[in-house]
Amino acid sequence: MTLGADLSDTFLGSRMLTEVVRLHGSLLNAPLPLDLPGVGALRVGREHIIEQLEDYIIPRLTEIDAPLLVVVGGSTGAGKSTLVNTLVGSRVTIPGLLRPTTRSPVLVHHPEDGRWFGADRLLPELARVSQATTDQFAIQLVPSTAVPRGLAILDAPDVDSVDERNRELAAQLLAAADLWLFVTSAARYSDQVPWDHLKNAVDRNTAVALVLSRTSAEDVATVSVHLARMMAARGLKDSPLFAVPQGEVSEEGLLPASYGTEIKGWLEALAADAAARRDIVNQTVAGAVRTVTRKAFPIADAVALQVEAVGELLTVADRVYDDAQTTLLAAGRDGTLLRGDLLARWQEFVGSGELTRTLEAKVGFVRERLVNAIKGKPQQAERVGVAIEMGLEALVADHAERAAGAAAAAWRERSYGEALLRSTTDDLTRAGRGLRTRAEQEIRAWHDELQELVKHEAGDARHSARFLALGARGLAVTLGVVALAGPEVQGSAADSVRLGRTLLESTIGEAGAARVVDQARGTLARRLTTLMSAERARYLAPAAQWELKPDAPDQLRQAARRVDDLRFAAAKKGTGGHL
């Protein structure tokens, strides 16, 4: 099945290119960071199809009229470089003992076709050089009039090289080819690795021609028959098979010119036949597109599992922090803090009720009793304020520490959760390093807010003797204690809390006291929630760094379907409606 002449159609070609670029973007937005079962192979597959899109499909669709790229690949010692030199008629790539294996690819093209092979087109991540190099991340461009216009020949590393980078580069270059000129020998033609690569070519419907090289003249016929049978059994029965017998290699790395005549003539015929070149490009592009879209769906399914797994981890963390936040807010309003140092400081402040009795005295006795009542009270108010701040800070830190420990323990029950914990420099097993500073700022801001509340509620009464007896600070700490105590305080703190409420009511009225207490509890709850939300957000960061978006699987599936639908429609149109 091919795309026929439709690739040359501006509208169809533009649509296909647009959708293929979208598919590429969807794959980039669909990472597989978690070590779920079977994900290793899918990661490799994802990288391969991204490379296929970047190295071949997108550049080829962008420049559909670019020269036909013939990649010469094959086994170690098969004579690939010697064949390339022989076809070109000069030493453009170094074969033999001087260079047992091609390390840096060499691309030979007609001088007038050089513009097609810039870094922004074919294999964009490989640097372009004009001199021989051993850099495995560079490609040497060699202009030669011996290569006809409309065709380029690329000498690739060995597919079975002992060097891993060579093997990777060979596979990458073959995946970027319009046509494979796959070279083997009598000694290597039955090896498994080359046939694994040829199977990939069959699966992708890539155009392939085989060359039997370095075979003695008397063995060529026998080996060729056997090789042809193997080709037919493996889906390559329609692929051309050429034979280049063993011969003497010159000092320039060339076989006698007659040894390459058949292959050279075939390539020159292709270069001269625009329709034949187009058919090969159509066949290879269509096969590559079909392979990419087919492989995209399992990747989308794997991404969905990743999204589900991350969602499960985040749900666990949310549940832990929801519980921590609930208990923290409850402790901030049920009297939990009214014990120890805070209770002692508060009871020192209100004494045995002297302040309340003073504020309830008849006007004629107020001045004298106030003077006695307020002695030392400002300092005591400050001590109460400090005790409130320290108590709340310790309360926040304790809940945050417990939540972090519980969330980390829950994540460690899953191997990928453990990996997620290790992926960040932030120690998620403990409360955040800046928590105490943030808590101190929030609680001090709450105290300032309490002072503004009592000032606002008092209104004109701020100038009254009752307000002045304690001042805004004294009333603010009183409001803080009453707010922390909750509505049903019990035990040793009960009497002193009732005195505090009486102080508020006698200064700003019963209704005013009720309002500021509710407001104080509400604003404290908001500030505590803010602090705990920041701690919760730390558990979102590891997942966020991988940009695992919930809609990524569907986006990938839809992109793959759009591309495949276009390929199918183009194939049907190109075959006159017959698939």
If every non-hydrogen atom of [X] is compared with every non-hydrogen atom of [Y], which pair is closest and at what distance?
X	Y	answer
A187	D191	O-OD1, 4.3 Å
L198	F182	CD2-CG, 3.9 Å
L313	R414	CD2-CD, 3.7 Å
D203	T291	O-OG1, 3.6 Å
D163	Q136	OD1-NE2, 3.4 Å
A177	V71	CB-CG2, 3.3 Å

Taking the side chain as every heavy atom from C-beta outward, state whether [X] and [Y] have any pair of such atoms under 4.5 Å apart.
X	Y	answer
E252	N85	no
L556	I299	yes
V202	L236	yes
P157	L173	yes
T284	W180	no
D301	R557	yes
S213	L83	no
V84	V106	no

If you round to the nearest 0.5 Å, how far is [atom2] of [Y] from [atom1] of [X]?
X	Y	atom1	atom2	value
L107	L69	CG	CG	6.0 Å
I263	T86	CD1	OG1	9.0 Å
E54	I57	CD	CD1	11.0 Å
L42	Q306	CG	CD	9.0 Å
H109	F117	NE2	CZ	6.5 Å
L154	L179	CG	CG	12.0 Å

**Prompt:** So, do H226 and Y189 have ring centers that fall under 6.0 Å from each other?
**Reply:**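 When the ring centroids of H226 and Y189 are compared, they turn out to be within the sub-6.0 Å range.
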
State whether [X] and [Y] are salt-bridged, where the test is any N-O pair (Lys NZ or Arg NE/NH1/NH2 against Asp/Glu carboxylate O) under 4.0 Å.
X	Y	answer
D178	R277	no
D155	K80	no
D564	R294	no
R536	D322	yes
E47	R43	no

**Request:** Report the C-alpha separation of I153 and L267 in whole Å, then their side-chain angles, then the decisive distance to 0.1 Å, and conclude whether the side-chain contact (heavy atoms from CB on, under 4.5 Å) test is met.
**Result:** CA-CA 10 Å; I153 300 173; L267 291 175; 4.2 Å; yes

Test your reading of the model: is there a side-chain donor-acceptor pair from [X] to the backbone of [Y], 3.5 Å cut-off?
X	Y	result
T215	D219	no
Y416	P33	no
S104	A138	yes
R60	A66	yes
N282	R278	yes
E268	P148	no
D426	L428	no
S224	A221	no
R412	E418	no
R234	K199	no

**Asked** Would you say the side chains of D554 and Q558 form a donor-acceptor pair under 3.5 Å?
**Response**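 Their side chains do not contain a donor-acceptor pair, so the 3.5 Å distance test is not met.
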
**Prompt:** For D160 and T76, does a side-chain donor sit closer than 3.5 Å to a side-chain acceptor?
**Reply:**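 The criterion, which ignores hydrogens and geometry beyond distance, is satisfied for T76 and D160.
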
**Request:** Measure from NZ or CZ of R165 to the centre of the six-membered ring of F137, then state whether that distance is under 6.0 Å and the direction lies within 45° of the axis.
**Result:**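 Output yes; distance and angle both within limits.
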
**Request:** Count the heavy atoms of every other residue, nucleotide or ligand shown that sit under 6.0 Å from CD of E312, and state whether that count exceeds 12.
**Result:**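 Counting other residues, nucleotides and ligands, CD of E312 exceeds 12 neighbours.
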
**Prompt:** Can you tell me if CD on E218 sees more than 12 non-hydrogen neighbours from other groups inside 6.0 Å?
**Reply:**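 Enclosed.
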
**Message:** For a side-chain contact (heavy atoms from CB on, under 4.5 Å) check, start with the C-alpha distance between N200 and L174, then their side-chain angles and the critical distance, and finish with the verdict.
**Reply:** CA-CA 10 Å; N200 290 335; L174 287 169; over 6 Å; no

**Request:** Using side chain to side chain contact (heavy atoms under 4.5 Å, CB included) as the criterion, point out the one residue from L169, D135, D55 that pairs with L126.
**Result:**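 The side chain to side chain contact (heavy atoms under 4.5 Å, CB included) with L126 is passed solely by L169 among L169, D135, D55.
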
**Message:** Can you tell me which residue among V563, I58, I49 is in a side chain to side chain contact (heavy atoms under 4.5 Å, CB included) with H24?
**Reply:**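 Only one of V563, I58, I49 forms a side chain to side chain contact (heavy atoms under 4.5 Å, CB included) with H24, namely I58.
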
**Derivation and outcome, side-chain contact (heavy atoms from CB on, under 4.5 Å), residues V147 and D113** = CA-CA 10 Å; V147 176; D113 284 342; over 6 Å; no

**Request:** Sorted by first residue and then second, give each ring-ring contact (aromatic ring centres under 6.0 Å, His included) pair with at least one member in residues 238-258; sequence neighbours left out.
**Result:**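 Qualifying pairs, neighbours excluded: F242-W266.
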
**Message:** The criterion is ring pair (Phe, Tyr, Trp, His ring centres under 6.0 Å); which residues satisfy it with Y56, sequence neighbours excluded?
**Reply:**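 Scan of Y56 (ring pair (Phe, Tyr, Trp, His ring centres under 6.0 Å), adjacent residues dropped) gives none.
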
**Message:** Pair D565, F568 - check side-chain contact (heavy atoms from CB on, under 4.5 Å), show working.
**Reply:** CA-CA 5 Å; D565 287 346; F568 185 82; 5.6 Å; no

